[in-house]
Novice: 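First, the structure itself, so that you have it in front of you.
Side-chain atoms are counted along with the backbone in the values below, which use heavy atoms only and exclude waters and symmetry mates. In this chain, residues are counted from 1 in sequence order.
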Amino acid sequence: MAEDEERGPGSVYQMFVLMEDLLDKLKVLDYEQHVLDKHNIKPLSRHYFVSSPHVLSNPGEQFYMFSVISAWLISLCGRPFDTPQEYDDPNATVSNILSELRALGGQVDFPPSKLKSGSGEHVCYVLDQLVEKALKSKGFTWNRPMYPSVEVEDECVQEDDAELTLSKVEEEMTQEDEEYEEEDGLDLDALKTRTNQSELSGSRPAVVLESDVDAAEWNLEVERVLPQLKVTIRTDNKDWRIHLDQMHQHQEGINTSLQDAKGCLFKLREDISKTLEKVSSREKYLNTQLEHLISEYRQAQAQLNKVKELYQQASGGVTERTRILAEISEELEKVKQEMEEKGSSMSDGAPVVKIRQSLTKLKQEIEQMDVRMGVVEHTLLQAKLREKNNMTRDMHATHLLEPNTQTY
């Protein structure tokens with residue numbers, strides 16, 4: 001982007017102009033015959049090697065076309081160069097082309113990777129340098145253009161704008177006469193009197209009258225009004241006489257053409273009939289010669305049909321057995337998977353360790369429960385003993401109180 005800004009805004013479109021000039025130079029060297037026809041390639045477009053988002057691109061095809069044209073131009077310069085193939089290494093092809101261009105005196109100040117895309121400014125530059133070297137080696141020089149001399153024709157008019165019909169001219173003349181009579185009426189008596197007076201007086205000009213109009217202006221005016229002065233009478237196509245004449249002309253043409261065509265048609269019919277007879281006789285001969293082969297072919301065809309039927313029947317049984325085999329294989333895979341899972345679980349010692357841990361924990365919990373049960377039993381025993389002591393104490397207390405109550 002920085003380089004484009006330094007060179008100017010038009011540098012992006014410079015390769016379009018360069019590609020058009022390149023195509024003209026290739027046509028001068030007759031590349032259609034030596035490259036396109038030889039490799040069976042379509043002609044190049046005006047902007048084939050241009051890299052632009054508005055132009056369709058095919059990098060593989062463009063790179064192959066670039067390498068083929070470059071090889072041909074290098075060979076035209078007198079240096080042997082093998083034509084690259086589609087599957088050759090692009091790096092080697094590009095390096096060979098650039099080395100040949102340097103050997104021919106061309107300047108290369110860009111990396112070879114710029115040419116691998118097959119399009120762009122650098123591709124057009126390399127091809128332009130090679131085609132210039134090829135034209136120079138061929139001794140071709142550009143001559144000055146020869147412009148054709150322009151001849152002014154007397155009548156260079158178009159039929160639609162220049163020609164006037166007779167009816168149109170009559171209408172215009174009638175309108176002009178009416179306008180002239182209405183606006184500026186001519187006094188014929190005054191004109192007759194003026195003519196008689198001039199004849200009697202015998203006054204004549206002393207010198208010959210000369211026009212003071214420029215001849216060039218007069219010619220321009222004549223050329224301007226000349227198309228309007230041309231009058232043509234157009235024929236009416238609806239007239240039956242014209243149609244009749246055309247019918248007679250066409251009939252005469254048909255008759256003359258028919259006389260010439262009859263001889264050719266008769267000769268062609270004779271040739272076709274002779275050819276048909278030869279074909280029919282040859283066909284009969286071939287049928288008689290190949291009759292036993294045809295019978296053998298029919299027998300072989302019948303046997304082939306039988307074998308095909310047997311094959312279809314066998315293939316149907318094979319298909320059914322294949323389906324059953326697939327089902328059995330699926331079941332076998334499931335059983336194998338289950339066996340593998342059970343074997344892995346049996347060989348694994350993790351469950352045993354977990355069981356042992358659970359048993360140890362269970363024993364600890366049982367011991368704790370036994371201790372708790374012993375404590376509870378001890379507590380209950382003490383409570384019973386305390387209750388028994390209280391009962392005996394109460395009983396002794398009642399026996400001591402009864403005699404005292406009797407004394408009272």
Side-chain angles (χ1 to χ4, degrees), residues 1-5 51-54 56-63 86-92 94-95 111-120 305-408:
M1 295 295 293
E3 294 180 357
D4 295 340
E5 291 178 357
S51 177
S52 175
H54 305 289
L56 297 176
S57 61
N58 187 354
E61 179 184 349
Q62 289 174 335
F63 180 77
E86 292 186 14
Y87 303 102
D88 290 348
D89 186 10
N91 295 320
V94 168
S95 61
S113 60
K114 296 288 186 180
L115 303 178
K116 292 175 66 176
S117 61
S119 61
N305 293 330
K306 292 180 181 179
V307 172
K308 283 184 178 179
E309 291 178 358
L310 295 174
Y311 172 74
Q312 290 178 357
Q313 295 176 0
S315 63
V318 170
T319 305
E320 184 67 22
R321 290 180 177 82
T322 304
R323 185 182 62 79
I324 296 171
L325 177 61
E327 293 178 356
I328 294 172
S329 299
E330 289 179 359
E331 294 179 358
L332 181 61
E333 290 293 334
K334 291 180 181 178
V335 172
K336 285 182 179 180
Q337 188 176 0
E338 292 177 358
M339 289 177 65
E340 289 178 357
E341 291 178 357
K342 290 182 179 180
S344 62
S345 62
M346 290 174 65
S347 62
D348 191 6
V352 178
V353 174
K354 289 181 180 179
I355 291 171
R356 289 178 180 177
Q357 292 176 356
S358 300
L359 289 173
T360 304
K361 189 176 181 181
L362 185 61
K363 287 179 181 179
Q364 292 177 357
E365 291 178 354
I366 289 171
E367 291 177 356
Q368 291 177 1
M369 289 299 293
D370 290 338
V371 172
R372 291 179 181 178
M373 288 172 65
V375 172
V376 171
E377 288 178 354
H378 180 69
T379 305
L380 288 173
L381 182 60
Q382 287 182 352
K384 288 179 179 180
L385 291 174
R386 190 180 298 111
E387 186 178 359
K388 188 177 180 181
N389 293 328
N390 292 330
M391 288 177 67
T392 55
R393 188 176 63 245
D394 292 337
M395 287 176 66
H396 289 297
T398 55
H399 287 296
L400 292 174
L401 290 173
E402 284 180 356
N404 294 327
T405 57
Q406 290 180 359
T407 59
Y408 290 107

Novice: Shortest non-hydrogen contact from V94 to F63?
Specialist: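 Reported closest heavy-atom pair: CG2-CE1, 3.6 Å.
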
Novice: Determine, for R323 against E320, whether the closest basic-nitrogen to carboxylate-oxygen distance falls under 4.0 angstrom.
Specialist: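 E320 and R323: salt-bridged.
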
Novice: In Å and rounded to the nearest 0.5 Å, what is the CD1 to CG distance from I355 to L362?
Specialist: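 Output value for this atom pair is 12.5 Å.
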
Novice: Using 0.5 Å steps for rounding, measure from the OG1 atom of T392 to the CE atom of M395.
Specialist: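 Rounded to the nearest 0.5 Å, the OG1-CE separation comes out at 8.0 Å.
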
Novice: Measuring from atom CG of N305 to atom CD of E309, what distance do you get when rounded to the nearest 0.5 angstrom?
Specialist: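 Between N305 CG and E309 CD, I get 7.0 Å after rounding to 0.5 Å.
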
Novice: How far apart are the closest heavy atoms of G118 and Q62, and which atoms are they?
Specialist: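 Minimum heavy-atom contact is O-CB, 3.3 Å.
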
Novice: I need the L359 CG to Q364 CD distance, nearest 0.5 Å.
Specialist: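 Here the rounded value is 11.5 Å.
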
Novice: Looking at residues at least two apart in the chain, or sitting in another chain, which of them share a side-chain hydrogen bond (donor to acceptor under 3.5 Å, both in side chains) with R393?
Specialist: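 R393: side-chain hydrogen bond (donor to acceptor under 3.5 Å, both in side chains) contacts with N390.
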
Novice: Could you go step by step and tell me if N91 and K116 meet the side chain to side chain contact (heavy atoms under 4.5 Å, CB included) rule?
Specialist: CA-CA 8 Å; N91 295 320; K116 292 175 66 176; 3.1 Å; yes

Novice: Does atom CD of E327 have more than 12 heavy-atom neighbours, drawn from other residues, nucleotides or ligands, at distances under 6.0 Å?
Specialist: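 Result for CD/E327: enclosed.
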
Novice: How long is the gap from OG on S315 to CG on L310, to the nearest 0.5 Å?
Specialist: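 S315 OG to L310 CG: 10.5 Å, rounded to 0.5 Å.
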
Novice: Please report the interatomic distance CG(L381) to CZ(R386), rounded to the nearest 0.5 Å.
Specialist: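 So the CG of L381 and the CZ of R386 are separated by 10.5 Å.
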
